[in-house]
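Remember, it's 1-based here, ligands and their atoms both numbered in the order they're listed.
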Amino acid sequence: MKNNQLTDSGQLRHFLTIEGLKKPLLTEIMDRAEQFSGITHRQVKKVPILRGKTIVNLFFENSTRTRSTFELAAKRLSADVMNFNISTSATSKGESLLDTLHNLESMHTDMFVVRHNQSGAAEFIAQHVAPHVSVINAGDGCHAHPTQAMLDMFTIRRHKQEFHHLRVAIVGDILHSRVARSQIQALATLGVGEIRVIGPKTLLPADCQTLGVHVYHDMEAGLEGVDVIIMLRLQLERMQGALLPSAREYFHCFGLTEDKLKLAKPDAIVMHPGPINRGVEIASSVADGPQSVILEQVTHGIAIRMAVMSMALGAQSEQHEISA
Ligand code: CP
């Protein structure tokens, strides 16, 4: 079946979801990010790969990490970047989303990086843009956050090298998490040995078993012998009704503490896409502890986003350009 994110020759055009993408493409994104990650440590953190291209950050929902790292990634590729401010735009005067897009397109822009609180928003935009414009999903509702999943896979590969022998546990509010959905798809595609999800029944999707994961409602049992722990925050902004007794009770049952971390393998890494809520899903001593790679994930977001943007705009990251 044709994937509408890919060109007829199988190249990335849009990046909307991990679903339907094959292992070689995910590996290519990580390999290219590996090449780009060295640029961050140079005195001049720039390569001319996207010189002359214009990228628009369209964030209809708040963000710290994703928006900043997309902007930095575009600038490091020498693209021109426009951060479109929704709150001061004509959207607030009643202009429709499509009219806004067509106006931005008429400025000869090449890429929209979109975050929206509605699932499917990035795909909708991708269906309506001009043929030369690429759309990158920077998180849509509960649906997908594909670049977050890829930077997480990159971080895991950096620490563990191979995927097939790993046991990975994702803990917390899976039900409302676009990150978890994309991570599960990426982990499965990369051939991870065992994917576990851990959380209260009210925060796990009803069709969890169909995702090919092992479900745990007991955190101690779920963490036993895992190589990677991915903690998620409670996404209160997407919850309807009271799904939890209290934050205190939640931390007692599903918060990651130093004692619970001891149940995982001694060299297990602790991840979190952010923003973290200390004392709700993770203890400060763990978030700031030696097994935490949380800030490393943020750093890797730049290289992964450079990789995705350069691939979607068809730029060939020839070695001489990267080393320029
Ligand atoms: N992980 C993530 O999406 O964080 P932001 O909401 O700060 O972008």
Salt-bridged, Arg278 to Asp288, with N to O below 4.0 Å?
yes

Between Glu34 and Arg32, is there a salt bridge with N-O shorter than 4.0 Å?
no

Is the shortest side-chain N to carboxylate O distance from Glu19 to Arg181 below 4.0 Å?
no

Between the side chains of Ser37 and Arg158, does any donor sit under 3.5 Å from an acceptor?
yes

For residues 106-114, tabulate all N or O donor-acceptor pairs below 3.5 Å that involve a side-chain atom, not counting sequence neighbours.
residue : atom : partner : partner atom : Å
Ser106  : OG   : Asn103  : O            : 2.6
Thr109  : OG1  : Leu104  : O            : 3.0
Asp110  : OD2  : Thr54   : N            : 2.8

Students should find this: residues with any non-hydrogen atom under 4.0 Å from ligand 1. What is the answer?
Ser63, Thr64, Arg65, Thr66, Arg115, His145, Gln148, Pro273, Gly274

Between atom CG of Leu187 and atom CD1 of Ile156, what is the distance when rounded to the nearest 0.5 Å?
5.5 Å

